[in-house]
Visitor: 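Input: one structure, supplied below.
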Amino acid sequence: IHIGNTLIDMYFKCGLIIAAEVVFDKLPVQDLISFNVLIAGYAEQCSGEEALMCFQQMQHNGCALNLATSVSVIKACTKSGDAKKGKEVHAYISKSGLDQDLPIANSLIDMYGKFGLLAEAEHVFDKLPVRSLVSWNVLVAGYAEHDPGDEAVILFEQMQQESICPDAVTCVCGLKLFGTVATRVKGQEIHIKIVQLGMEEELLIGNSLINMYAKCGWLAEAQEVFDKLVTRDVVSWSALMAGYAQLGESETVLIFLDKMISEGIKPNLVTMTCVLNACSDEGLLCLGQIYFDALSIDFPFVPTLEHFTCIIDLLSRAGLVERAAQLIGEMPINPD
RNA sequence: UCACUCUAAGC
């Protein structure tokens, strides 16, 4: 059974869901860990709902849950976006007294943070007798996403004062926060910290720096970080292009689009949003549309509903209602 | 044999 469980886990981590299911079903007995692996796998690779259904089945089988199960079930709630279910699970876990365990509490803070229920997130955070770096990171991430204002900044400063040594995740969250509130001096402080910790080569960090500087309108700095990066991905390019688009420098955005393609980086729908955004602001609409149409052929974008909504919004506001309608017709997903 | 946090886009 050890081998079976390991196999299921491995298949899920490779994205081979069917294979994982087959192995699970073929096991002579499914133990706690089989279920844990299955729930974690579904939550990671599929939908939260599917993971929650496994959990139901597990309870149905009379299998007791442990710490790892709880973490995965909370993750599943987070992914499903079902706040009501999340609260139920929270209540259930508290009853078993598992809610003081750090990974579990951190997952709960993360869940509430992602739902934008920051008061609940803080409540869990405040009740903890001891906190880990992750506890802080998830709370800051929640604030950076849903309420990037004074409170978030205060929280971040408080974290520094508690002599907690930040890691890459802390820096990424902090940079996101200070990009959104456009406080580049604070962002720069993080930049200095990053250099001290020797993390400036990391792609994620680099991208976050580009984004922060770009959002603060400091394109020269953004550009410098961009140039120094040894590897750049579509996010690096898009973040920089978004910055130029924000300043209304549409020509620059188009130049970068050409450049990124010639360097072999494929633009995606987010990139195209930046391009269209830049073009719609300066009446370069036709050009934007030409690019969009040409690139839809060369690079079949794999979109989410979110991407579509955004593009359609841009197209219609720019007056390209026909093209927007056409795109809705082509949508591979159910339009809401 | 399993489990916690992180980056780009329009409104």
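Order of the sequence lines fixes the chain letters, A, B, ..., with proteins taken first and strands second; residue numbering starts at 1 for each chain.
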Visitor: For the pair made of OH in A:Y213 and P in B:A8, what is the distance, rounded to whole Å?
Guide: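 About 17 Å, once rounded to whole Å.
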Visitor: Report the distance from atom CZ of A:F256 to atom C1' of B:A9, rounded to the nearest whole Å.
Guide: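 Answer to the nearest Å: 17 Å.
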Visitor: In terms of hydrophobic clusters joined by side-chain contacts under 4.5 Å, are A:I1 and A:V22 together?
Guide: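 Result: no, two separate clusters.
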Visitor: Just call it for A:N268: base, sugar-phosphate, or nothing, with non-hydrogen atoms closer than 4.0 Å on any strand.
Guide: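 If one applies the 4.0 Å heavy-atom cut-off, A:N268 turns out to touch a base.
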Visitor: With a 6.0 Å cut-off on the ring centroids, do A:F115 and A:H146 count as close?
Guide: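 Ring centres of A:H146 and A:F115 not closer than 6.0 Å.
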Visitor: Do A:S135 and A:S132 pair up side chain to side chain, a donor and an acceptor below 3.5 Å, judged on atom types alone?
Guide: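 Indeed, the side chains of A:S135 and A:S132 share at least one donor-acceptor pair under 3.5 Å.
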Visitor: Can you say whether the rings of A:H90 and A:Y112 are parallel (under 30°), tilted (30 to 60°) or perpendicular (over 60°)?
Guide: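 Because their plane-to-plane angle lies in the 30° to 60° range, the rings of A:H90 and A:Y112 count as tilted.
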Visitor: Grab the CD1-P distance between A:I205 and B:U7 for me, whole Å please.
Guide: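 Nearest whole value for this atom pair: 12 Å.
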Visitor: Protein within reach of the bases, or only the backbone? For nucleotides 1-6 of chain B, mark each nucleotide 5' to 3' as B, S or -, using heavy atoms under 4.0 Å.
Guide: BBBBBB
Visitor: Using whole Å, what does the distance between atom P of nucleotide B:C11 and atom CD of A:E306 come to?
Guide: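 About 13 Å, once rounded to whole Å.
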Visitor: Which part of the nucleic acid does A:N277 contact within heavy-atom distance under 4.0 Å: base, sugar-phosphate only, or nothing?
Guide: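 Result for A:N277 = sugar-phosphate.
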Visitor: Quick one: A:L257 CG to B:A8 C1', roughly how many Å, whole number?
Guide: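 So the CG-C1' distance, A:L257 to B:A8, works out to 14 Å.
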Visitor: Indicate, with yes or no, if the rings of A:F125 and A:W136 have centres closer together than 6.0 Å.
Guide: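 Distance test on ring centres: under 6.0 Å, yes.
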Visitor: Go through the side-chain N and O atoms of A:Y92 and A:D99 and say whether any donor and acceptor fall under 3.5 Å apart.
Guide: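 Per modelled atom types, A:Y92 and A:D99 side chains form no pair under 3.5 Å.
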Visitor: What integer distance in Å separates A:N207:CG from B:U7:C1'?
Guide: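 Answer to the nearest Å: 6 Å.
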Visitor: Find the distance A:L269:CG to B:G10:P and express it as a whole number of Å.
Guide: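 Atom-to-atom, A:L269 to B:G10, this comes out as 14 Å.
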Visitor: What is the separation between atom OH on A:Y244 and atom C1' on B:A8, rounded to the nearest whole Å?
Guide: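 Atom-to-atom, A:Y244 to B:A8, this comes out as 15 Å.
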